[in-house]
Every structure is written in structure tokens, then in C-alpha cells.
Amino acid sequence: MTTTVAFIGLGNMGGGMAANQAKAGHKVLAFDLSEAALERAAQAGCTPVGSVTEAVKEADVVITMLPAGPHVLKVYSEQIIGAAPTKALLLDCSTIDVDTARKVAGLAKDAGYAFADAPVSGGTMAADAGTLAFMVGCDEPQFARIEAALEPMSRATFRAGDHGAGQAAKICNNMILGITMLGTCEAIGLAEKLGLDPVKMFDIVAKSSGQSWSTTTYYPWPGPVPTAPSNRNYEGGFAAAMMLKDLKLAQDAAAKSGASTPLGAQTEALFQMFNGLGYGGRDFSAILQMLRGKLDELPKE
Ligand code: NAD
């Protein structure tokens with residue numbers, strides 16, 4: 001029996017994820033507000049439709065990959081819940097705040113649906129390759145079904161805990177990512193000042209204790225990692241505005257829980273500055289150019 005997947009939000013991440021659902025042989029009804037995104041989805045084997053409700057009305061699985069909490073709350077409360085059949089499994093893969101994730105889970109549960117927050121890690125390369133890591137917050141008995149639905153897009157799927165726990169894990173992960181990216185960028189800037197070649201620095205750090213995902217998979221200097229956004233003038237990838245959103249979520253959560261996160265606070269402040277200068281649409285690794293004093297070489301759009 002063919003599985004019908006409704007996929008809502010076909011941007012930098014959702015585009016590749018929907019393509020992998022189609023590649024797995026599922027019927028993918030895809031919707032986005034952007035015409036260009038719908039065209040890309042059609043080329044990748046999905047069926048573009050004209051609205052969220054049209055996408056979800058016969059779905060077995062609904063997957064959303066939207067920018068932030070307000071988009072998720074609106075789309076679920078106004079367009080998915082009540083329009084999708086109650087047998088449908090609802091999976092939100094966006095990165096949003098824990099409270100909104102729990103609120104949407106409550107609305108879904110009250111209406112008779114199984115729901116999970118299932119944010120991802122791995123970036124656009126992993127979204128395209130079907131090798132994302134998923135952090136799931138759900139009722140325990142639902143996990144096997146959720147893991148199976150995510151399989152075409154996943155390298156590893158973890159149940160972090162109950163509803164909201166997937167988002168909690170994700171904001172902790174992304175606070176590490178923001179901090180390590182800034183550390184990598186600062187080190188490149190320093191290396192340059194000391195007369196070192198940033199490409200040679202990659203060779204050294206990738207095999208040394210300063211190594212992290214931000215170096216080996218996403219090096220912010222062009223050359224060593226051909227798939228990294230630094231090679232295409234920081235277009236696409238993970239927008240600096242999205243990184244700022246996640247760092248704010250982490251700081252809000254830290255303030256509420258009493259956790260001490262001074263490096264997270266400093267990282268948020270630097271991304272706030274970079275966004276304020278007008279570069280929120282560039283990949284977050286472009287913050288290297290702010291630290292190097294080379295923003296004049298970086299296009300805003
Ligand atoms: P994006 O801006 O490229 O894509 C979001 C898409 O949602 C856009 O195409 C937009 O048109 C669409 N959209 C917005 N409102 C909509 C609505 N009401 N109905 C239908 N479509 C709508 O963003 P992205 O980089 O794909 O990120 C999506 C989510 O994934 C974010 O929460 C982000 O934090 C998270 N994330 C991104 C990355 C990354 O590397 N880009 C990695 C992990 C997680």
C-alpha cells in the first residue's frame with residue numbers, strides 16, 4: 001500500500017527532505033508559499049498542491065518544516081488539525097520553542113492525532129542526502145511508528161523524551177553549534193593575522209583537538225569542504241537569522257531553568273549584531289567575514 005505523505009515547507013531543508021520521501025516511493029503532496037519551492041519539489045518527484053488542507057486531506061503522515069514557532073502554531077491550529085484524517089501521524093521537524101511544541105502536541109492530542117516534535121540536525125547537505133539526525137519528543141508507544149516514517153530522511157533517530165523534549169535537545173545542540181562556529185571563525189581570523197594559510201589550518205585542526213562539525217563539515221573558509229556554504233558566497237545553508245532564533249530559544253530556556261550559559265549569551269549577542277548589520281539571510285558561517293572586518297566583500301542579498 002502506498003503511503004501518502006503531506007509535506008509542508010519546502011525551503012532549504014524541507015526541499016531535500018520531501019525529495020527523499022518521494023525517492024522512497026511515497027506519494028508526496030507538497031505545499032509551500034513559494035512558487036519556486038513548489039517547482040523544485042515537482043522536479044524532485046513530489047506532487048505540488050495549492051494549499052495545506054489539500055495536501056493533508058488524505059495523508060497517512062504529515063511533515064512540517066517551517067521557519068519558527070508562530071508559523072507552526074498557525075499552520076497546525078488553522079490548517080492541519082481537523083483537515084487531516086485522525087489516523088494521520090503529525091510530525092513537526094521545524095526548530096521551535098518547547099512551549100509552542102507542547103501546545104501544538106496538546107491541540108493535536110485533544111483532536112485525536114498522534115504528534116511528535118522531531119527537529120533535525122545535519123544541515124542542508126544531510127537533508128539532501130537523507131542522513132539527518134532526528135531528536136524526537138513523543139509518547140513512548142508511538143516511537144516505532146515515528147522512526148519508520150522518518151527513515152527515508154534519517155541516519156539516526158533518537159527519542160529524547162515526551163513532547164517538547166526533541167526541541168529541548170535541539171536548542172542545546174544548536175547552542176553548541178553556534179559557539180563552535182564562532183570559535184572556528186575566531187581561530188581562522190587569528191591564524192590569518194599570524195601569517196598562517198586558513199586552508200592549511202583546516203588540515204591541521206581537522207586532525208587535532210580543535211576539530212568539530214563546524215570545521216570538518218562546514219568550514220567557513222572556502223576550499224577544504226566543497227559542499228560548505230563558504231564556497232558559494234554563503235548562500236543557502238542555515239540562515240544567520242535562523243541561528244539567532246535558536247540562540248534566543250536557548251537563552252530563554254536558560255533564563256527560565258536557571259542554567260548558566262555565558263558563552264551562549266555571548267554567541268547570541270554576536271549573531272544579533274551580524275543580523276542587525278543586515279546579513280540575516282546569509283548562511284551563519286558568514287559571520288567569519290564580520291570578525292575579519294571584511295563585510296564589504298559580503299553581499300547582503
Ligand atoms: P527556509 O526559510 O529555507 O524554509 C522555510 C519554508 O517554509 C520556506 O520555503 C517558506 O516559504 C515556507 N513557509 C513559511 N510559512 C509557510 C506556510 N504558512 N505554509 C507553507 N510554507 C510556509 O528555512 P530552512 O532553512 O529550511 O529551515 C526550516 C526549519 O528547519 C527552521 O525551523 C530551522 O531552524 C530548521 N533547521 C534548519 C537547518 C538548516 O541548515 N537550514 C538545519 C536544521 C534545522
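Counting convention: from 1, in listed order, for ligands and their atoms alike. All heavy atoms count here, side chains included; hydrogens, waters and symmetry mates do not.
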From CA spacing to verdict: side chain to side chain contact (heavy atoms under 4.5 Å, CB included), Ser51, Gln79: CA-CA 9 Å; Ser51 68; Gln79 295 165 308; over 6 Å; no
Just do the side chain to side chain contact (heavy atoms under 4.5 Å, CB included) check on Met242 and Phe284 with the steps written out, would you? CA-CA 8 Å; Met242 295 271 191; Phe284 79 116; over 6 Å; no
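No side-chain heavy atom of Leu90 sits less than 4.5 Å from a side-chain heavy atom of Val104.
There is a side-chain donor-acceptor pair under 3.5 Å between Tyr234 and Gln289. Side-chain N/O atoms of Arg40 and Gln43 include no donor and acceptor closer than 3.5 Å.
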Please tabulate, one line per pair, the protein N or O atoms found under 3.5 Å from any N or O atom of ligand 1, giving the distance to one decimal.
| unit_1 | atom_1 | unit_2 | atom_2 | d |
| --- | --- | --- | --- | --- |
| ligand 1 | 3 (O) | Asn12 | N | 2.8 |
| ligand 1 | 3 (O) | Asn12 | ND2 | 3.4 |
| ligand 1 | 9 (O) | Asp32 | OD1 | 3.2 |
| ligand 1 | 9 (O) | Asp32 | OD2 | 2.7 |
| ligand 1 | 11 (O) | Asp32 | OD1 | 2.6 |
| ligand 1 | 26 (O) | Asn12 | N | 3.3 |
| ligand 1 | 26 (O) | Met13 | N | 2.9 |
| ligand 1 | 32 (O) | Leu66 | O | 3.0 |
| ligand 1 | 32 (O) | Pro67 | O | 2.9 |
| ligand 1 | 32 (O) | Thr95 | N | 3.0 |
| ligand 1 | 32 (O) | Lys245 | NZ | 3.0 |
| ligand 1 | 34 (O) | Lys245 | NZ | 2.8 |
| ligand 1 | 41 (N) | Gly237 | O | 3.0 |

Could you list the donor-acceptor pairs under 3.5 angstrom formed by side chains in residues 198-213, with sequence neighbours left out?
| unit_1 | atom_1 | unit_2 | atom_2 | d |
| --- | --- | --- | --- | --- |
| Ser208 | OG | Ile204 | O | 2.7 |
| Gln211 | NE2 | Thr216 | OG1 | 3.4 |
| Ser212 | OG | Ser214 | N | 3.2 |

